[in-house]
Colleague: 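Below is a structure I'd like to ask you about.
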Amino acid sequence: MKKAKLLIIDDEQELVTTLAERLNLRGYDANGVTNFSEAITFIKQIPDVIILDIGLQDTDGLEVLKRIKEINPSIQVIMLSGYGDNERINKSLQNGAFDYLIKPVDIEELVSKINSAKLKKEEME
């Protein structure tokens, strides 16, 4: 099975760095950025799964989700929320997010969701 390409978009640099390191150690090809303008370059390279914070400081995570789906609808997006905001979580799922997790993220649960999301992407291609 090909290594899954991941992109982490979160405005917390420490979270991005730590999560990318932990996922790379598990055999993924993970990159992380802290804002949408940096993310665009990676999104155009069509990652399998994007881990996206709903509450970005420079851009609304829901708007980023919509832009990702416009670029390529097969990219699967797992949303992260620090607050458990059910309205925003539901909106993200309605707008095509694969799933969501509440911070702090359990790495094993995230890995499970990444693997499921990658399978869904492969089915769509």
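Index from 1, following the sequence. Please read these numbers as outputs of a predicted model, since none were measured by experiment.
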Colleague: Tracing side-chain links under 4.5 Å among I, L, V, M, F, W and Y, which residues wind up in one group with I8?
Modeller: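 In the cluster with I8 are L6, L15, V16, L19, L23, Y28, V49, I51, I78, L80, F98, L101, V105, I107, L110, V111, I114.
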Colleague: Tell me if the CD atom of E14 is crowded by more than 12 foreign heavy atoms within 6.0 Å.
Modeller: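 No, because the 6.0 Å sphere around CD of E14 holds 12 heavy atoms or fewer from other groups.
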Colleague: Determine the sole option in V33, L7, N72 for which the side-chain contact (heavy atoms from CB on, under 4.5 Å) test with I43 is passed.
Modeller: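 Going through V33, L7, N72 one by one, the side-chain contact (heavy atoms from CB on, under 4.5 Å) with I43 is satisfied by L7 alone.
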Colleague: Can you confirm whether N35 sits close enough to T59 that some side-chain heavy atom of one is under 4.5 Å from a side-chain heavy atom of the other?
Modeller: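 When only atoms from C-beta onward are counted, T59 and N35 do not touch, as no gap falls below 4.5 Å.
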Colleague: Hydrophobic cluster membership, with links at side-chain heavy-atom distances under 4.5 Å among I/L/V/M/F/W/Y: are L119 and M124 in one?
Modeller: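 Hydrophobic grouping puts L119 apart from M124.
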Colleague: Looking at E87 and K91, is there a salt bridge between them, counting it only when a charged N and a carboxylate O are closer than 4.0 Å?
Modeller: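 A salt bridge links K91 with E87.
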Colleague: What is the distance from atom NZ of K103 to atom CG of D53, rounded to the nearest 0.5 Å?
Modeller: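 Output value for this atom pair is 3.5 Å.
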Colleague: Which salt bridge (Lys or Arg N to Asp or Glu O under 4.0 Å) pairs, counting each pair once, include a residue from residues 21-44, with sequence neighbours left out?
Modeller: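 Every pair satisfying salt bridge (Lys or Arg N to Asp or Glu O under 4.0 Å) with a residue in residues 21-44: R26-E108.
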Colleague: Tell me the closest heavy-atom pair linking A20 and A30, and the distance in Å.
Modeller: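 Closest approach of A20 to A30, heavy atoms only: O-CB, 3.9 Å.
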Colleague: What is the distance from atom CD of Q57 to atom CG of D10, rounded to the nearest 0.5 Å?
Modeller: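 It is 9.5 Å, given to the nearest 0.5 Å.
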Colleague: Kindly give the heavy-atom pair with the smallest separation between I54 and S81, and that separation in Å.
Modeller: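 Closest approach of I54 to S81: CD1-CB, 4.1 Å.
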Colleague: Measuring from K118:NZ to E122:CD, what's the distance to the nearest 0.5 Å?
Modeller: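 Those atoms lie 3.5 Å apart.
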Colleague: Measuring from atom CD1 of I46 to atom NZ of K5, what distance do you get when rounded to the nearest 0.5 angstrom?
Modeller: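 It comes to 7.5 Å.
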Colleague: Say whether I40 and L65 are linked into one hydrophobic cluster, either directly or through other cluster members, by side-chain heavy-atom distances under 4.5 angstrom.
Modeller: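 Yes, I40 connects to L65 through the hydrophobic network.
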Colleague: Applying side-chain contact (heavy atoms from CB on, under 4.5 Å), can you list everything that pairs with E125, at least two apart in sequence or on another chain?
Modeller: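 Only S74, K121 meet the side-chain contact (heavy atoms from CB on, under 4.5 Å) criterion with E125.
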Colleague: Working to the nearest 0.5 Å, report the span between CD1 of I50 and CD1 of I75.
Modeller: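 Output value for this atom pair is 4.5 Å.
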Colleague: Is there a side-chain contact between M79 and R88, using heavy atoms and a 4.5 Å cut-off?
Modeller: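 The answer is no; the side chains never approach within 4.5 Å.
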Colleague: Looking only at heavy atoms, what is the nearest atom pair of A39 and I9, with distance?
Modeller: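 Shortest heavy-atom separation between A39 and I9 comes out as CB-CD1, 3.6 Å.
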Colleague: Would you compute the distance between atom CZ of F36 and atom CZ of R67 and round it to the nearest 0.5 angstrom?
Modeller: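 That separation rounds to 4.0 Å.
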Colleague: Report the C-alpha separation of K66 and E70 in whole Å, then their side-chain angles, then the decisive distance to 0.1 Å, and conclude whether the salt bridge (charged side-chain N to carboxylate O under 4.0 Å, His left out) test is met.
Modeller: CA-CA 6 Å; K66 290 176 188 175; E70 288 169 5; over 6 Å; no
